[in-house]
Amino acid sequence: MAVTDMSNSKLSRTIPVADLRRSAVLPLMTEPLPSPSGQLSDRRQRPLRDLRISVTDRCNFRCSYCMPREVFDKDYAFLPQSALLSFEEITRLARLFIAHGVEKIRLTGGEPLLRKNIEVLIEMLAQLRTPTGRALDITLTTNGALLAKKAQALKDAGLRRVTVSLDGLDDAVFRRMNDVDFPVADVLHGIEVAERVGLAPLKVNMVVKRGTNDQEIVPMARHFRGSGAVLRFIEYMDVGATNGWRMDEVLPSAQVVERIAEYFALEPMAASAPGETAQRWRYVDGSGEIGVISSVTQAFCGDCNRARLSTEGKLFLCLFASQGHDLRALLRGPYSDEQISAAIAHIWQGRVDRYSELRSTQAPSSANGPRRVEMSYIGG
Ligand code: SAM
């Protein structure tokens, strides 16, 4: 339950309560309503460029580091259909975000390919244009289970690229990690079909858990080297409150690079865009590149230009934020585009956080620290 004071449309807020999915503030709008300039900056001078949209909180995998089956079981209360933003609502918000400078949209979840008719949403988003008339960079992160079936429709709808999560090549290790007995071969087939239809360059994300799948680092590097796909290793993160995260299960990215470099010479590359999450390395022999995402050992918020829209329309300014801003309440209330746009501007301009850098000083989800929302809800 949330208590909302709507007595003044310029100043209204919600009191947060225990279920973090319902913990949100109703955004403020200040008058006069400013027109979007495409150049929104937060209080640390970070622009808004990248919007990640979670289109479902459901997933067909039960990876223990993300949606452990003990928590996300048959009794878990996923969001009802009526709580989800509709495609029209998502597109309306996307248009407003684009006017504020967003150039890239990533659809995620949960598993985004479980959202019925996702290609219709992609088609709607693909028609939007930036203030300078450019098409958006639309991409999607998936576990690959349904990719072979959907790749062509996604491409036809206007999806440009895709990132596929794959935590190893050893079938037994992978089946254990996804915890639904899903075979590696089917994900590899999905990757192959996606590349064939032109969803490229494709990225492959591997979450590394020391003692669980770190022996898969070199085989994965060997497999994707020279394939055109960019393999990225993600440090196992202390996101959410259900995965029982422990620091001793994190393998620092520096060691990932060292292990690969024992077999294939690597050299560092410059970032391709400001705010890029991965540090890039290329194979000296020209057979491609890898990326490492060091969200635990080298957390850096200095140029973070990402915002996240949860499945039910809450705007989060960080994966580690414990509270979102309830844009759905505005969408479903008597508010104009100008008012919602002003609320988005107000939220971003007030952004000062650097949770990722600060969290290294706090025990995850400790009694003292703020509780964290789950990745499957906020969108990875
Ligand atoms: N279902 C889609 C997928 O599997 O790619 C999209 C959502 S998933 C939450 C997005 C990404 O977050 C995946 O690459 C997943 O491996 C990663 N992820 C989830 N929990 C994580 C954690 N605790 N640490 C690091 N990465 C994590």
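Remember, it's 1-based here, ligands and their atoms both numbered in the order they're listed.
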*Asks:* Would you say Glu111 has any N or O atom under 3.5 Å from an N or O of ligand 1, going by distance alone?
*Replies:*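 Between Glu111 and ligand 1, an N or O pair is found under 3.5 Å apart.
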
*Asks:* Is there a polar contact, in the sense of an N or O pair closer than 3.5 Å, between Val239 and ligand 1?
*Replies:*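 No: no nitrogen or oxygen of Val239 is under 3.5 Å from one in ligand 1.
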
*Asks:* Determine the minimum heavy-atom distance between Thr212 and Val173, stating which atoms define it.
*Replies:* O-CG1, 3.8 Å

*Asks:* Gly240 near ligand 1, heavy-atom distance under 4.0 Å?
*Replies:* no

*Asks:* Looking only at the side chains, is there a donor atom on one of Arg106 and Thr141 sitting less than 3.5 Å from an acceptor on the other?
*Replies:*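 Side chains of Arg106 and Thr141: pair found under 3.5 Å.
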
*Asks:* With a 4.0 Å heavy-atom cut-off (strictly under), which part of Asp238 contacts ligand 1: side chain, backbone, both or neither?
*Replies:*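 It is neither; nothing of Asp238 touches ligand 1.
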
*Asks:* Considering only non-hydrogen protein atoms, determine which one is nearest to atom 24 (N) of ligand 1 and report residue, atom name and distance to 0.1 Å.
*Replies:*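 For atom 24 (N) of ligand 1, the nearest protein heavy atom is Met237 N, 2.8 Å.
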
*Asks:* Please tell me whether Asn143 and Asn178 have a donor and an acceptor in their side chains that are separated by less than 3.5 angstrom.
*Replies:*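 Result is no, nothing qualifies.
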
*Asks:* Tell me yes or no: between the side chains of Glu312 and Tyr377, is some donor less than 3.5 Å from an acceptor?
*Replies:*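 Looking only at side-chain atoms, Tyr377 and Glu312 do form a donor-acceptor pair, the distance falling under 3.5 Å.
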
*Asks:* I'd like to know if Gly109 contacts ligand 1, where contact means a heavy-atom distance under 4.0 Å to any ligand atom.
*Replies:*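 Yes, Gly109 has heavy atoms under 4.0 Å from ligand 1.
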
*Asks:* Side chain or backbone of Ile234 under 4.0 Å from ligand 1, or both, or neither, by non-hydrogen atoms?
*Replies:*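 The part of Ile234 near ligand 1 is the side chain, not the backbone.
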
*Asks:* Please say which of Arg46, Gln45, Arg44 ends up in a side-chain hydrogen bond (donor to acceptor under 3.5 Å, both in side chains) with Asp42.
*Replies:*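 With Asp42 as partner, side-chain hydrogen bond (donor to acceptor under 3.5 Å, both in side chains) holds for just one option, Arg46.
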
*Asks:* So is Arg62 actually on top of Phe72's ring, under 6.0 Å and inside 45° of the axis?
*Replies:* no

*Asks:* Mind telling me whether Tyr236 and Trp245 have parallel, tilted or perpendicular rings, with 30° and 60° as the class edges?
*Replies:* tilted

*Asks:* Just to confirm my output: which protein heavy-atom neighbour is closest to atom 7 (C) of ligand 1, and how far is it?
*Replies:* Gly110 O, 3.2 Å

*Asks:* What atoms of ligand 1 come within less than 4.0 Å of a heavy atom belonging to Thr108?
*Replies:*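 Selected atoms, number and element: 6 (C), 7 (C).
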
*Asks:* For atom 10 (C) of ligand 1, what is the nearest protein heavy atom, given as residue, atom name and distance?
*Replies:* Gly380 CA, 3.8 Å

*Asks:* Please work out which of Met177, Lys203, Met67, Met375 has its closest non-hydrogen atom nearest to atom 17 (C) of ligand 1.
*Replies:*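 Of the listed residues, Met375 has the closest heavy atom.
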
*Asks:* State the atoms of ligand 1, each with its element, that fall below the 4.0 Å cut-off from a heavy-atom position in Asn205.
*Replies:*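 Matching atoms, with element in brackets: 14 (O).
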
*Asks:* For atom 14 (O) of ligand 1, grab the closest protein heavy atom and report residue, atom and distance to one decimal in Å.
*Replies:*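 Result: Ser165 OG, 2.7 Å.
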
*Asks:* Backbone or side chain, does any N or O of Asp167 fall under 3.5 Å from an N or O of ligand 1?
*Replies:*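 Looking only at distances, the answer is no, because the N/O contact criterion of under 3.5 Å is not met.
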
*Asks:* Stepwise, does the salt bridge (Lys or Arg N to Asp or Glu O under 4.0 Å) test hold for Glu249 with Arg210?
*Replies:* CA-CA 5 Å; Glu249 289 184 310; Arg210 193 202 289 270; over 6 Å; no

*Asks:* Give the C-alpha distance, both sets of side-chain angles, the deciding distance and a yes or no for salt bridge (Lys or Arg N to Asp or Glu O under 4.0 Å) between Arg161 and Asp137.
*Replies:* CA-CA 8 Å; Arg161 290 174 293 113; Asp137 183 13; 2.6 Å; yes

*Asks:* Going by the atom numbers of ligand 1, which of them fall below 4.0 Å from some non-hydrogen atom of Thr142?
*Replies:* 2 (C), 3 (C), 4 (O), 5 (O)

*Asks:* Specify the closest pair of heavy atoms between Ala99 and Pro36, including all atoms of both residues, with the distance to one decimal.
*Replies:* O-CB, 3.5 Å

*Asks:* If you count the atoms of ligand 1 from 1 in the order shown, which ones are under 4.0 Å from a heavy atom of Asn143?
*Replies:* 2 (C), 3 (C), 4 (O), 5 (O)

*Asks:* When hydrophobic residues are tied together by side-chain contacts of less than 4.5 Å, even through go-betweens, does Val292 share a cluster with Phe300?
*Replies:* no

*Asks:* Give the minimum heavy-atom separation between Glu276 and Ser272, together with the two atoms involved.
*Replies:*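 Result for this residue pair: OE2-OG, 2.7 Å.
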
*Asks:* Give the atom numbers and elements of ligand 1 that come within less than 4.0 Å of a heavy atom of Asn243.
*Replies:*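 Listed by number with element, the hits are 23 (N).
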
*Asks:* Strictly under 4.0 Å, does any heavy atom of Glu235 approach an atom of ligand 1?
*Replies:* yes

*Asks:* Is it the side chain, the backbone, both or neither of Val207 that has a heavy atom closer than 4.0 Å to ligand 1?
*Replies:*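 It is the side chain that touches ligand 1; the backbone stays farther off.
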
*Asks:* What is the closest protein heavy atom to atom 20 (N) of ligand 1, and at what distance does it sit?
*Replies:* Tyr65 CD1, 3.3 Å

*Asks:* Return the orientation label for the Phe78 and Tyr76 ring planes: parallel under 30°, perpendicular over 60°, tilted otherwise.
*Replies:* perpendicular

*Asks:* Show which atoms of ligand 1 fall inside a sub-4.0 Å distance from at least one heavy-atom site of Tyr236.
*Replies:* 23 (N), 24 (N)

